[in-house]
Amino acid sequence: MKLSNKVALVTGAARGIGFALAARLCAEGAQVALADLDAASVTDAAEAIRRDQPDARCLPVTVDVADRASVEAMAAQVVASLGQVDVLVSNAGIWKQLAAGPFWQIPNSEWQRAFSVNTEGAFNCAAAIAPHMIGRKGGRIIFVGSAAIGEALAHVTHYTASKAALIGLMRCAAKQLGPEGITVNMVNPGQIDTGAFSREQLESKAQVKFMRRVGVPQDLEGIVAFLAGDDSSYITAQQIHVDGGGVMN
Ligand SMILES: NC(=O)c1ccc[n+]([C@@H]2O[C@H](COP(=O)([O-])OP(=O)(O)OC[C@H]3O[C@@H](n4cnc5c(N)ncnc54)[C@H](O)[C@@H]3O)[C@@H](O)[C@H]2O)c1
């Protein structure tokens, strides 16, 4: 139970990778706020964790990360209910929903949609939580990026660019928050089975990965639990690829 006495906030926690991360942080002893746009699903997600882990302390919260006021309200609700935030996992993102095609055919509205959730959403969450962490002289911010950056996933250039922008945010935030005892890192998943890809797509991508298997949300848990805890206190401004081998630093 490496995270007892910690409070974690995971965005996009109603399903997929965010749900797996929230469940793992609970299992490590943290109190966890699960935040998501989908109010009904995030309530179900918190109940599912409690069913599986009767001692789990988790709080469902509704938020639109793309909306600064909504994010500020989420931060206030979590601090009021759980007292503090030690760990922010900024995971909420859109990718399945985005139109694909050559970059010159991507409408501006679609470009802006990708950036408003994936980039501005992460910025909004970090900006809302950082002052609270500064006041407590410590914390962990973990952005969920994507191996798409290293792969140059060109059929979704808007998605890839929206995640690549997080590198700049992560580095600048790490530099400014380091003196406050706060680390900022980024975890970049490769293709992970969260229900959007066909079995054929998953298997064919898996064949070009060093590990030759399909990635699952649980593959992200270990590194996020590590980055959330005290053992990673001298690691900041780093990208860690969790993609079964392919993208190299
Ligand atoms: N699954 C993959 O292959 C993969 C690969 C690389 C990166 N990622 C990244 O990992 C993260 C999670 O991916 P996933 O596959 O679990 O996605 P998912 O679509 O299964 O789940 C995303 C969750 O985020 C929530 N969400 C979306 N927009 C939101 C908003 N504006 N405010 C609050 N919540 C919002 C959704 O309601 C959903 O519950 C995303 O940032 C994604 O870009 C995923």
Side-chain angles (χ1 to χ4, degrees), residues 9-24 33-46 48 60-75 77-78 88-98 100 112-125 128 142-153 156 158-167 169-170 186-198 201-206 209 213-221 223-224 239-244 246-247:
L9 165 59
V10 182
T11 68
R15 62 178 63 80
I17 293 171
F19 174 71
L21 298 180
R24 173 61 178 266
L34 291 85
D36 205 285
L37 188 61
D38 183 338
S41 297
V42 79
T43 302
D44 291 348
V61 183
T62 308
V63 69
D64 178 358
V65 296
D67 176 347
R68 182 75 176 255
S70 173
V71 170
E72 294 288 351
M74 166 192 74
Q77 185 186 346
V78 175
L88 165 65
V89 183
S90 173
N91 163 80
I94 49 170
W95 59 275
K96 307 167 179 169
Q97 303 86 337
L98 294 169
Q112 283 152 9
R113 195 158 77 103
F115 272 75
S116 73
V117 180
N118 296 343
T119 317
E120 204 172 340
F123 163 73
N124 287 340
C125 292
I142 303 161
F143 293 116
V144 176
S146 176
I149 306 164
E151 291 174 358
L153 205 61
V156 280
H158 46 340
Y159 173 72
T160 302
S162 73
K163 289 290 189 178
L166 294 181
I167 299 171
L169 171 61
M170 182 231 352
M186 188 163 160
V187 172
N188 291 340
Q191 184 170 280
I192 302 292
D193 182 8
T194 57
F197 301 106
S198 68
Q201 284 172 315
L202 289 166
E203 294 295 347
S204 96
K205 186 89 178 221
K209 292 293 175 188
R213 72 164 173 81
V214 173
V216 293
Q218 291 69 28
D219 286 319
L220 279 303
E221 289 179 11
I223 187 66
V224 169
Q239 291 180 73
I240 293 140
H241 304 287
V242 183
D243 69 339
V247 177

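Counting convention: from 1, in listed order, for ligands and their atoms alike.
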Can you list the ligand 1 atoms lying under 4.0 Å from a non-hydrogen atom of Gly16? 16 (O)
Need the ligand 1 atom indices (1-based, order shown) with element for anything under 4.0 Å from a heavy-atom of Ile192. 1 (N), 2 (C), 3 (O)
Please determine if Asp38 has a nitrogen or oxygen closer than 3.5 Å to a nitrogen or oxygen of ligand 1. no
How many angstroms lie between CZ in Phe143 and OG1 in Thr119, if you round to the nearest 0.5 Å? 10.5 Å
Can you name the nearest heavy-atom pair linking Val42 to Pro60, along with the distance? O-CB, 3.7 Å
Take Val224 and Arg24 through the side-chain contact (heavy atoms from CB on, under 4.5 Å) test and state the conclusion after the steps. CA-CA 9 Å; Val224 169; Arg24 173 61 178 266; over 6 Å; no
Closest protein heavy atom to atom 37 (O) of ligand 1, given as residue, atom name and distance to 0.1 Å: Asp36 OD1, 2.6 Å
From the candidates Val63, Asn91, Val144, the one that places a heavy atom nearest atom 40 (C) of ligand 1: Asn91
State the atoms of ligand 1, each with its element, that fall below the 4.0 Å cut-off from a heavy-atom position in Gln191. 3 (O)
For Phe197, atoms of ligand 1 separated by under 4.0 Å from a heavy atom: 3 (O)
Does an N or O from Lys163, backbone or side chain, lie closer than 3.5 Å to an N or O of ligand 1? yes
Ligand 1 atoms in contact with Trp95 (distance to a heavy atom under 4.0 Å): 1 (N), 2 (C), 13 (O), 14 (P), 15 (O), 17 (O), 42 (C), 43 (O), 44 (C)
Could you tell me, atom by atom, which parts of ligand 1 come under 4.0 Å of a heavy atom of Ala14? 39 (O)
State the atoms of ligand 1, each with its element, that fall below the 4.0 Å cut-off from a heavy-atom position in Gly145. 7 (C), 9 (C)
Applying side chain to side chain donor-acceptor pair (under 3.5 Å) between Arg15 and each of Asp38, Asp44, Thr194, report the one that passes. Asp38
Tell me, please: is Tyr159 in heavy-atom contact with ligand 1, that is, under 4.0 Å? yes
Among Asp64, Thr62, Val65, which residue meets the side-chain contact (heavy atoms from CB on, under 4.5 Å) test with Ser70? Asp64
With the threshold set at 4.0 Å, does a side-chain nitrogen-carboxylate oxygen contact exist between Glu151 and Lys163? no
Would you say Gly215 touches ligand 1, if touching means a heavy atom closer than 4.0 Å? no
Per-atom contacts of ligand 1 with Arg15, taking only distances under 4.0 Å to non-hydrogen atoms: 20 (O), 21 (O), 36 (C), 37 (O), 38 (C), 39 (O)
Looking at ligand 1, does any of its N/O atoms fall within less than 3.5 Å of an N/O of Val65? yes
